[in-house]
Amino acid sequence: MDTPNTTDNLKERTAKGLFWSIMGNGAQQLVVMLIGILLARLLDRADYGLVGMLTVFSILASNLQESGFTAALSVKKEATHEDFNAVFWFSTIVSAALYVILFFCAPLIAHYNRAPELTLLGRVIFLGFFFTSLGISHVAWLLRNLKVREKTMSQVTASLVSGFIGLGCAFCGCGVWSLVAMDLSYKLTHTLMAWYWTPWHPTFPSLRAGGLREALLPAWRMFGFGSRLLITNSLNTINGQLLQSLLGHYYKPNQVGDYSQANKWNTLGTSLLGGMINSVARPVMAKVEDDGQRQKRVVRKMLRFTAMLSFPAMMGLGLIAPEFIVLTVGEKWIFCVPYLQVLCVGGAVFPVNEIFTNLMISRQRSDLYLYSTAAFLVVQLALVWAFTGEGYADMMPLLISVVSLQPMWFFVLYAIARRLLDVRLFEVLADVVPFILAALFSLTLGHFAAEGVAGFVVADTTVGRIVLMLTKVLVTASAYCLIMWTARVAVFRECLDFALAKFRK
């Protein structure tokens, strides 16, 4: 049973974790955004299309080497040196074997996408997941111990270093190799920083007979939980990268590049929101799993907090997309605007859905997580089959159908979560729907305010676009905050009070 002191301590650690996660993720995404803007202006649309065709294979390989052990270590009741050491050596060995497999598969990937240059690109970019494997145990240690500040500082440093390397290569005319250099340097730097911030370090297995097998035994004991997460993470990767990996077969690199650019901005937003929530939600839920009522309060508060941020932020990005894309990455990317606007709808719901998946993991029900993810993939594959081929030269119908799955899946995930937690649908909807309505009302005001201003500016000039975008942002944000304050939304006031207290210090 938790005492008042331990309860307050957990609340304080959670608040601090969220604060540093917001600051760190915000700083990292700002760096990524600025560097991404410069690179998008320097590189061609086809460059992004080529790298996008390889992304799914890199992430799948990373999932295989990690095998769900990061989550397993973060929610394990007691994690020893032997547990972390087993994961480290397992990841290292598996990643080396996977790289060899992908090295010889690179020509097949290139042939499928009808892009011969993917052979060499793949063989180089696949080195990145080997670099990542060397830091899996260290990142798990930081996550388990709620070292959010150290974790985010590692990410920000890696983003800065890799960004400067990528920009340097782009200025030297390296083209698509600039993206490869940035990806590899980020993964290597992030791994080195994780080593720097973590007091735990691996030890070599004994060289006596059976020494390696004994050293890997703790990893095998976690494999029941981790293997299901491995499959689930792989399915999640396919779900997230399915379109990008298949579009190269049906559409030209320029079209794939437009989708890739839109998906990059959508992912930037969801990563910022999801990153700061997931870095705290999972370990906190795990710490209160033995107290059903307390975990219910945690889950509902996380839902309110996530919905409060996610819906206005992601739907707001869709609102300003026409001006934002042209002002940042240039008019050559204007064709990606409709894609981004559609993706932002799913992006607004995605972080909310992640609360339910974190609940499943914290309860160590990776089997339920696996079934829901597999079902999502089956439905998505059916939609891809239905909306590709002759008669579908435009990918928009496919995109709309796939994005519509996120709102639908909210109810599927709730039905699964209901088996783990005594929370009614009415309570969940009461936590989420008010923020959707407030966001829609505020966005409508922002849209009509911009329409009114459009008559006084030349909309297709830089100054005109800046004025329109600022009008949308200021009116929408002001209206939303006023609604939150007037309605006395508790989570809004708590966040505001905590932020003000931190800045006063």
Side-chain angles (χ1 to χ4, degrees), residues 1-2 7-8 10-11 14-15 17-18 75 270 273-274 276-278 280-315 345-369 371-373 375-376 404-442 480-481 483-498:
M1 178 70 68
D2 290 312
T7 300
D8 292 342
L10 182 59
K11 287 182 178 178
T14 303
L18 281 171
V75 301
T270 55
L273 294 166
M276 69 183 183
I277 298 298
N278 292 338
V280 176
R282 191 176 299 170
V284 170
M285 287 181 188
K287 290 180 184 299
V288 297
E289 67 170 322
D290 295 329
D291 187 339
Q293 287 302 311
R294 190 177 173 198
Q295 190 175 59
K296 176 181 176 179
R297 291 195 297 270
V298 169
V299 169
R300 292 193 63 190
K301 194 163 190 175
M302 286 286 182
L303 278 172
R304 292 193 293 272
F305 177 75
T306 306
M308 180 187 69
L309 296 179
S310 179
F311 289 107
M314 294 307 301
M315 294 166 71
V345 176
V349 184
F350 180 77
V352 178
N353 289 348
E354 285 279 274
I355 299 298
F356 292 128
T357 59
N358 278 316
L359 172 64
M360 297 176 207
I361 295 172
S362 69
R363 285 292 187 93
Q364 300 192 38
R365 291 302 306 270
S366 54
D367 56 332
L368 297 178
Y369 187 23
Y371 301 149
S372 64
T373 306
F376 187 95
S404 66
L405 282 179
Q406 284 295 343
M408 292 169 53
W409 223 249
F410 172 85
F411 295 97
V412 174
L413 292 173
Y414 161 74
I416 297 173
R418 185 70 175 82
R419 300 176 58 184
L420 306 177
L421 201 64
D422 183 22
V423 57
R424 293 176 296 172
L425 180 60
F426 173 79
E427 293 174 312
V428 171
L429 293 177
D431 292 332
V432 174
V433 172
F435 296 105
I436 298 176
L437 297 177
L440 289 174
F441 180 77
S442 303
Y480 189 76
C481 290
I483 293 172
M484 295 295 103
W485 181 264
T486 305
R488 298 181 177 275
V489 177
V491 68
F492 175 78
R493 297 205 171 198
E494 288 176 9
C495 292
L496 190 61
D497 291 341
F498 183 81

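Just so you know, these numbers use all the heavy atoms, side chains as well, and skip hydrogens, waters and symmetry mates.
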> For the pair K301 and E494, find out whether any cationic side-chain nitrogen is under 4.0 Å from an anionic carboxylate oxygen.
yes
> Can you name the nearest heavy-atom pair linking S372 to I416, along with the distance?
CB-CD1, 3.4 Å
> Hey, which of V491, V428, D431, I355 is the one that makes side chain to side chain contact (heavy atoms under 4.5 Å, CB included) with R300?
D431
> CG/N358 to CE/M302 distance, rounded to the nearest 0.5 angstrom?
8.5 Å
> Can you name the nearest heavy-atom pair linking T306 to V352, along with the distance?
CG2-N, 3.8 Å
> Please report the closest heavy-atom contact between R304 and F435, naming both atoms and the distance.
O-CE1, 3.7 Å
> Check whether any side-chain heavy atom of L429 lies under 4.5 Å from a side-chain heavy atom of Y414, and answer yes or no.
no
> Does any N or O in the side chain of N353 come within less than 3.5 Å of the main-chain N or O of Q406, such that one atom is a donor and the other an acceptor?
yes
> Is the backbone N or O of M308 less than 3.5 Å from a side-chain atom of Y480, with the two atoms forming a donor-acceptor pair by type?
yes
> Can you list the residues that meet the side chain to side chain contact (heavy atoms under 4.5 Å, CB included) rule with I436, with sequence neighbours excluded?
F311, V432, L440
> Where do A348 and M315 come nearest, in terms of heavy atoms and distance?
CB-CG, 4.0 Å
> Quick check: are there more than 12 heavy atoms from other residues, nucleotides or ligands sitting under 6.0 Å from CZ of R419?
no
> Have a look at F356 and tell me which of L420, L413, L421 forms a side chain to side chain contact (heavy atoms under 4.5 Å, CB included) with it.
L413
> Does the pair S310 and F350 meet the rule for a side-chain contact (heavy atoms from CB on, under 4.5 Å), with working shown?
CA-CA 9 Å; S310 179; F350 180 77; over 6 Å; no
> So, taking the atom named CE in M484 and the one named CZ in R493, what distance separates them when rounded to the nearest 0.5 Å?
11.5 Å
> Return the minimal non-hydrogen interatomic distance between F376 and W409, and the atom names on each side.
N-CZ2, 3.3 Å
> Quick check: closest heavy atoms across A307 and P312, and the distance to 0.1 Å?
O-CD, 3.9 Å
> Nearest 0.5 angstrom please: D422 CG to E427 CD, how far?
7.5 Å
> Give a yes or no answer on whether the side chain of K296 reaches the backbone of V423 with a donor-acceptor pair at less than 3.5 Å.
no
